[in-house]
Each structure stands twice: as C-alpha cells, then as structure tokens.
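Just so it is clear: chains get the letters A, B, ... in the order the sequence lines come, proteins before strands, and each one is counted from 1. Because the structure is a prediction, the values reported are computed rather than measured.
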There are 2 protein chains.
Amino acid sequence: MGKQTTEMLKGTLEGIVLAILARQPAYGYEITARLRDQGFSDIAEGTIYALLVRIEQRGLVDVEKVPSEKGPPRKVYALNATGGEYLDEFWRTWSFLAERIEQLHRDIRPTHDTHDTDEAEGA
Amino acid sequence: MGKQTTEMLKGTLEGIVLAILARQPAYGYEITARLRDQGFSDIAEGTIYALLVRIEQRGLVDVEKVPSEKGPPRKVYALNATGGEYLDEFWRTWSFLAERIEQLHRDIRPTHDTHDTDEAEGA
DNA sequence: TACCGGTACTTAGCAAGACCGAATACTGAA
DNA sequence: TTCAGTATTCGGTCTTGCTAAGTACCGGTA
C-alpha cells in the first residue's frame, strides 16, 4: 500500500491494537506479526512499539514482563478498564466517521444540487 | 468530538473533500459549511484551506477564481482526471481498512485462541 | 462617516502519529 | 565465531490537523 494507508492509520491503528488486546493480552512482536498476517503487510515494527509505549503511559493497558525462551523478555500488554472505555469511545468515533464516509461513497453520482449557498454566477 | 476524531481525520479528510468535489466543484468556505452541516461540527476552517492548497499543488484539482457578491473572490476547486484516480485509490484504501476494522469490531468476543505463536508459559 | 458582522482566504507555529534506520540484547544453529 | 530469528528501544523526518491571528471585501446601521 502507499502513503494513503499511512495517513489513514493515524488515529485508527491505536484502536486496532486496543481491539486486538481486548481479545487477549499480547506483546509487541506478536501484534506486529498478527497485523502482517491480516494484510497490514507494511506496518513498521517501530510504529507498534511506539504505540504501545503511548497507550501504556496513558494508562490504557497493564504490562507484565514475561521471560521468553527465544530472546529477550516479552512485554505483555493487557487492556484494563480505562482502556476498555477508551476503546468504546474509539468505536463510537469510528462509526460516526465510517457512516459519513460510506454515505459519500454512495453519493458518487450528483443528484441535482439543491443546497442553499447562494448561486452567484458572475464573471 | 475529541482528539480521536482529529487523529482519525488525518488521511480521511482529504478523501472526504475530494469526494465532495467529485460531486460538484466548490470553494473552501462552502465546503467547510457543508461539512459542518453533515455533522463535522468542529473542523477548523484553516484546516480545509490548507488541505485545498495541498491538493492543488499536487495537481488533483483545477482552480478558478470567481468573484463573489458578498466578499473576496472565491477559489472554486474542481476534481480533474488525476484527482479522480487518486480518489479511486482512496476508496480502495478505505475499503481495505474499513473491512479489517469492522472484522475486529465483530470479533470482540475471543473465540478460543488458535494462533501459531509459541505458547511459552514460563516465568 | 465609522463601525460591525458576514463572507472568503492566508499564514505561522504547534502537536500527534507513522515512517526509517540503527542499535541493543538474548537464543540456538551452521 | 558468525548468522538468523526473537524482542525491544531510540532519534530524527514527514505529513497532517489545530490554533490563532490577520487580510480583504461587502452591506447595513448608528
């Protein structure tokens, strides 16, 4: 994908990750891999880690360090109550935006123009 | 709305405006007013004007200056061929993202966890 | 005349979030 | 010893929306 995806992820990626954590706790590397599996083929790893730091600092998740057999310890993130509320608000915001955008998508064909801005057709 | 809306608009507002222009040419003040009517009650005027400058510089729209009876001349923007293609790509990107997010929304309830990351439950 | 409100656009500086690239750290296999 | 895979961190860049202020043009009113 391209630049449009990058920009669109701003504001939605956070909700996506929170939604994943709502299903079950997970750590950064795992989340990145799962996103790639789901088609987000080019989400940068650094992006996810930065996002996790942010949501931790805002108190939306609880963190536990769990030793790994294959490398450095994992930081396992779990959605807490605050995070749950924040996620609910995310869904409300998303629905609001998605509805309006879908409406625009449907309205591709102009009907016949009956809005009430003045019709100054000079020059 | 709050900060979530602001962040979510990044990447989508451009498509929204292009979609409006796809229906019919319009000028900044008018677009702002129309967005407010449609529920985007707190989109800053400056944001729209800045966005219009950007899409003009990228050659997605054609611009015509039209005198107004009530104030300074209007800059009327019309989607051109390049803009049309760009808008198509926007819809593809949007659909991709929206489908995955809706999927997450549906999957709020954990099924039973059958992903293939290793199950190291040590500590 | 002088002022105000509505119309219409511009600009500078800020904040947030995704990107890239590199570094760090731990493990097991070639 | 080196390399690949696992796992996290960090610094700097770019894009984009917001704030806030300013410019400009018009009509109505005191």
Side-chain angles (χ1 to χ4, degrees), chain A residues 1-18 26-36 40-58 63-77 90 93 97 116-118 120 122, chain B residues 1-17 26-36 40-58 63-77 93 97 116-118 120 122:
Chain A
M1 301 282 166
K3 205 161 64 61
Q4 298 205 54
T5 309
T6 294
E7 294 308 322
M8 244 184 250
L9 283 175
K10 294 183 182 177
T12 50
L13 185 55
E14 191 174 282
I16 291 170
V17 169
L18 290 176
Y27 55 98
Y29 194 82
E30 184 188 6
I31 294 170
T32 305
R34 207 174 301 183
L35 286 174
R36 290 203 208 283
F40 296 102
S41 48
D42 45 25
I43 288 187
E45 252 187 290
T47 298
I48 299 300
Y49 286 114
L51 192 157
L52 290 171
V53 167
R54 272 194 324 261
I55 63 179
E56 180 186 357
Q57 284 173 346
R58 288 190 206 146
V63 187
E64 193 189 354
K65 227 166 196 167
V66 177
S68 163
E69 298 166 346
K70 302 180 180 171
R74 299 164 173 169
K75 283 178 75 177
V76 175
Y77 295 82
F90 169 79
T93 305
L97 187 61
D116 58 1
T117 53
D118 75 305
Chain B
M1 301 279 165
K3 207 162 62 63
Q4 297 205 58
T5 308
T6 293
E7 292 308 323
M8 246 183 248
L9 283 175
K10 293 184 182 176
T12 51
L13 185 55
E14 190 175 281
I16 290 171
V17 169
Y27 56 97
Y29 194 83
E30 183 188 5
I31 294 171
T32 305
R34 207 173 301 185
L35 287 174
R36 289 203 209 283
F40 295 102
S41 48
D42 45 26
I43 287 187
E45 250 188 292
T47 299
I48 299 299
Y49 287 115
L51 192 158
L52 290 171
V53 167
R54 271 193 325 262
I55 62 179
E56 180 187 357
Q57 283 173 346
R58 288 190 206 146
V63 188
E64 193 189 354
K65 229 166 196 166
V66 178
S68 163
E69 299 167 347
K70 302 180 181 171
R74 299 164 172 170
K75 283 178 74 177
V76 175
Y77 295 82
T93 305
L97 188 62
D116 58 1
T117 53
D118 75 303

So which nucleotide from [options] ends up closest to the side chain of [X]?
X: B/E7; options: D/dT15, C/dA16, C/dT7; value: C/dA16
X: A/K75; options: D/dG17, C/dC19, D/dT9; value: D/dT9
X: A/Y49; options: D/dT8, D/dA24, D/dC18; value: D/dT8
X: B/K10; options: C/dA18, D/dA7, C/dA15; value: C/dA15
X: A/L13; options: C/dA18, C/dA8, C/dC19; value: C/dA18
X: A/Y29; options: C/dA8, D/dT8, D/dC18; value: D/dT8
X: A/R54; options: D/dC18, C/dG17, D/dA7; value: C/dG17
X: A/K3; options: C/dA18, D/dT16, D/dA7; value: D/dT16

Point to revise | Residue whose closest nucleotide on DNA chain C lies nearer the 5' end, A/L51 versus B/G71 | key: B/G71
Study note, to complete from the structure: Ranking B/P72 and A/T6 by the position along DNA chain C of their nearest nucleotide, the one closer to 5' is B/P72
Check your understanding: Under the ring-ring contact (aromatic ring centres under 6.0 Å, His included) test, which residues partner A/Y29, sequence neighbours left out?
Key -> none
Review point. Looking only at side-chain N and O atoms, does B/R74 come under 4.0 Å of OP1 or OP2 in D/dA24?
Key: no
Practice item. Give a yes/no on whether any side-chain N or O of B/S68 is located under 4.0 angstrom from OP1 or OP2 of C/dT7. Key: no
Point to revise | Sidechain N-carboxylate O distance under 4.0 Å for B/E56, B/K75 | key: yes
Point to revise | Student check: side-chain heavy atoms of A/Y77 and A/V17 closer than 4.5 Å | key: no
Review point. Side chains of A/I16 and B/L97: does their closest heavy-atom pair fall under 4.5 Å?
Key: yes
Which atoms of nucleotides 28-30 of chain C (N or O only) lie under 3.5 Å from a protein N or O atom, and what are those distances?
none

Revision key, fill the gap. Result for 5'-nearest mapping on DNA chain D, choosing between B/E45 and A/G46, is A/G46
Review point. How would you label the contact of A/A44 with the nucleic acid (heavy atoms, under 4.0 Å): base, sugar-phosphate, or nothing?
Key: sugar-phosphate
